Q: 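Quick one: this structure, given as structure tokens, is what I'll be asking you about.
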There are 2 protein chains.
Amino acid sequence: MHYKELIKTIKERREVLRVTQATLAELSGVGLRTLKQFESGKGNPTLLTLQKLVDVMGMEVCLKLKNVSGNK
Amino acid sequence: MHYKELIKTIKERREVLRVTQATLAELSGVGLRTLKQFESGKGNPTLLTLQKLVDVMGMEVCLKLKNVSGNK
DNA sequence: CTTTATAGTGCATTATACGGCTCTTTTTTA
DNA sequence: TAAAAAAGAGCCGTATAATGCACTATAAAG
């Protein structure tokens, strides 16, 4: 997943959960400003920040091999 | 994947490829110091740094739902 | 044990992520 | 439309990630 895809995934997940940026910020413990920056594609969050955000939305960061059949 | 697992995955991937930290640092464009810190569990890399590292090792950062059958 | 390669750490500097506050822009709702 | 809610952006101080250099620690090889 490229950067933009990650953002898109997070944004979509948030919208599916019908949670506002403000609420997600509060629940995750990440600053609202940071979340706004990130979702608008201007940030470069730390791994910790990313994990806080996705964790509270029931997701997790993972690594996988590229170009390997059976990975999609 | 928790933080430690991510580190472990990266470290193991690097070792499978028989690449030293110095080489990976050079290939990925990430500072050697940064890589050392990260692998030794002392860092909190930015998403960009993480992507640089895993990308050059044929991996990618992804997000997935937790606790969902069919995700493993 | 000595040499050599690789990994980990202390210190210092620079770059930048984080976050609050405020204001503007966009979207949603009545 | 107008009002309200949500998202985005500028300013900006603080915290910390990124990095190089030099040194130490560990491990492998002779």
Side-chain angles (χ1 to χ4, degrees), chain A residues 1-68 71-72, chain B residues 1-68 71-72:
Chain A
M1 278 178 121
H2 294 303
Y3 186 71
K4 306 242 179 193
E5 293 177 78
L6 290 173
I7 294 177
K8 189 159 166 287
T9 301
I10 288 178
K11 201 163 184 171
E12 285 175 357
R13 175 67 176 165
R14 181 174 63 75
E15 284 162 359
V16 163
L17 297 174
R18 294 183 197 279
V19 172
T20 65
Q21 289 180 336
T23 303
L24 174 56
E26 193 174 0
L27 293 177
S28 64
V30 169
L32 177 56
R33 187 63 214 281
T34 301
L35 175 56
K36 286 176 184 297
Q37 291 243 353
F38 179 41
E39 278 198 7
S40 62
K42 308 222 169 119
N44 175 25
T46 62
L47 178 55
L48 189 58
T49 295
L50 185 62
Q51 287 183 319
K52 282 184 191 169
L53 290 174
V54 304
D55 190 64
V56 83
M57 293 195 293
M59 302 179 81
E60 64 178 337
V61 176
C62 64
L63 299 178
K64 68 177 181 186
L65 291 176
K66 289 184 295 193
N67 312 325
V68 177
N71 260 85
K72 175 29 210 340
Chain B
M1 277 177 122
H2 295 303
Y3 185 70
K4 305 243 179 192
E5 293 177 79
L6 291 174
I7 293 176
K8 190 159 167 285
T9 301
I10 288 177
K11 201 162 183 170
E12 286 175 356
R13 176 65 176 164
R14 182 174 62 76
E15 284 163 358
V16 162
L17 296 174
R18 296 184 197 279
V19 172
T20 65
Q21 289 180 337
T23 304
L24 175 56
E26 193 175 1
L27 293 176
S28 64
V30 169
L32 176 57
R33 187 63 211 279
T34 301
L35 175 57
K36 285 176 185 295
Q37 292 244 9
F38 180 41
E39 278 197 8
S40 63
K42 307 222 169 117
N44 176 25
T46 62
L47 177 55
L48 190 56
T49 295
L50 185 62
Q51 286 182 319
K52 282 184 192 168
L53 289 175
V54 303
D55 190 62
V56 81
M57 292 195 293
M59 301 180 81
E60 63 178 337
V61 177
C62 63
L63 300 177
K64 68 177 181 185
L65 292 175
K66 288 184 296 192
N67 312 325
V68 176
N71 261 85
K72 165 68 204 321

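So that the names make sense, note that chain A is the first sequence line, chain B the second, and so on, each numbered from 1. Values below: every heavy atom of this structure, side chains too, minus hydrogens, waters and symmetry copies. No experiment lies behind these values; they were computed from the predicted model shown.
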Q: Rounded to whole angstroms, how far apart are CZ on B:R33 and P on D:dA22?
A: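 About 14 Å, once rounded to whole Å.
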Q: Quick one: is B:T49 getting a side-chain N or O under 4.0 Å of the D:dA18 phosphate, OP1 or OP2?
A: yes
Q: When you check the gap from the basic side-chain N to the acidic O, do A:E15 and A:K11 get nearer than 4.0 Å?
A: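 Between A:K11 and A:E15 there is no salt bridge, as every charged N stays at least 4.0 Å from the carboxylate O atoms.
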Q: In terms of side-chain heavy atoms, does A:Q37 have a donor or acceptor partner in A:K42 at a distance below 3.5 Å?
A: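 No, A:K42 and A:Q37 have no side-chain donor paired with an acceptor closer than 3.5 Å.
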Q: Just verifying a value: how many Å separate B:R14 CZ and B:M59 CE, rounded to the nearest 0.5 Å?
A: 13.0 Å
Q: How long is the line joining CD of B:E39 and P of D:dA17, in whole Å?
A: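 Going from CD in B:E39 over to P in D:dA17 covers 17 Å.
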Q: Could you give the CD1-to-P distance, from A:I7 to D:dG8, as a whole number of Å?
A: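 One finds 10 Å between P of D:dG8 and CD1 of A:I7, rounded.
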Q: According to a strict under-4.0 Å criterion, is A:K11 in side-chain N/O contact with OP1 or OP2 of D:dG8?
A: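 Looking at the OP1 and OP2 atoms of D:dG8, one of them is under 4.0 Å from a side-chain N or O of A:K11.
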Q: From C-beta outward on A:V30, which listed nucleotide comes closest to its side chain: C:dG19, C:dA7, D:dA18?
A: C:dG19
Q: Starting from P on C:dT6, measure out to CD on B:Q37 and report it in whole angstrom.
A: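 Interatomic distance, CD of B:Q37 to P of C:dT6: 21 Å.
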Q: Provide, to the nearest angstrom, the distance between the CG atom belonging to A:L35 and the C1' atom belonging to D:dA7.
A: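 Computing the A:L35:CG to D:dA7:C1' distance gives 10 Å.
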Q: Locate the shortest heavy-atom distance separating A:M1 from A:T9; write the atom from each residue and the value.
A: CE-OG1, 2.8 Å
Q: Between B:K42 and C:dT9, does any side-chain N or O lie under 4.0 Å from OP1 or OP2?
A: yes
Q: To the nearest Å, give me how far apart CG (B:L53) and P (D:dA17) are.
A: 15 Å
Q: Hey, which of these two, B:A22 or A:L50, hits DNA chain C nearer its 5' end, going by closest nucleotide?
A: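 It is B:A22, whose closest nucleotide lies nearer the 5' terminus.
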Q: So does B:T20 get a side-chain nitrogen or oxygen closer than 4.0 Å to the phosphate oxygens (OP1/OP2) of C:dA5?
A: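 Looking at the OP1 and OP2 atoms of C:dA5, neither is under 4.0 Å from any side-chain N or O of B:T20.
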Q: Counting only side-chain nitrogens and oxygens, does B:Q21 get under 4.0 Å of the OP1 or OP2 atom of C:dG8?
A: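 Result: yes.
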Q: Can you see if the side chain of B:S40 gets near the phosphate of C:dT9 - specifically, an N or O under 4.0 Å from OP1 or OP2?
A: yes
Q: Under 4.0 Å, heavy atoms only, any strand: does B:T46 hit a base, just the sugar-phosphate, or nothing?
A: sugar-phosphate
Q: So how far is it from A:N44 CG to B:L47 CG, rounded to the nearest 0.5 Å?
A: 6.0 Å
Q: In whole angstrom, what separates A:N44's CG from D:dA15's C1'?
A: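 The distance from CG of A:N44 to C1' of D:dA15 comes to 16 Å, rounded to the nearest Å.
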Q: Could you tell me how far apart A:L17 (CG) and D:dA6 (C1') are, to the nearest whole angstrom?
A: 17 Å
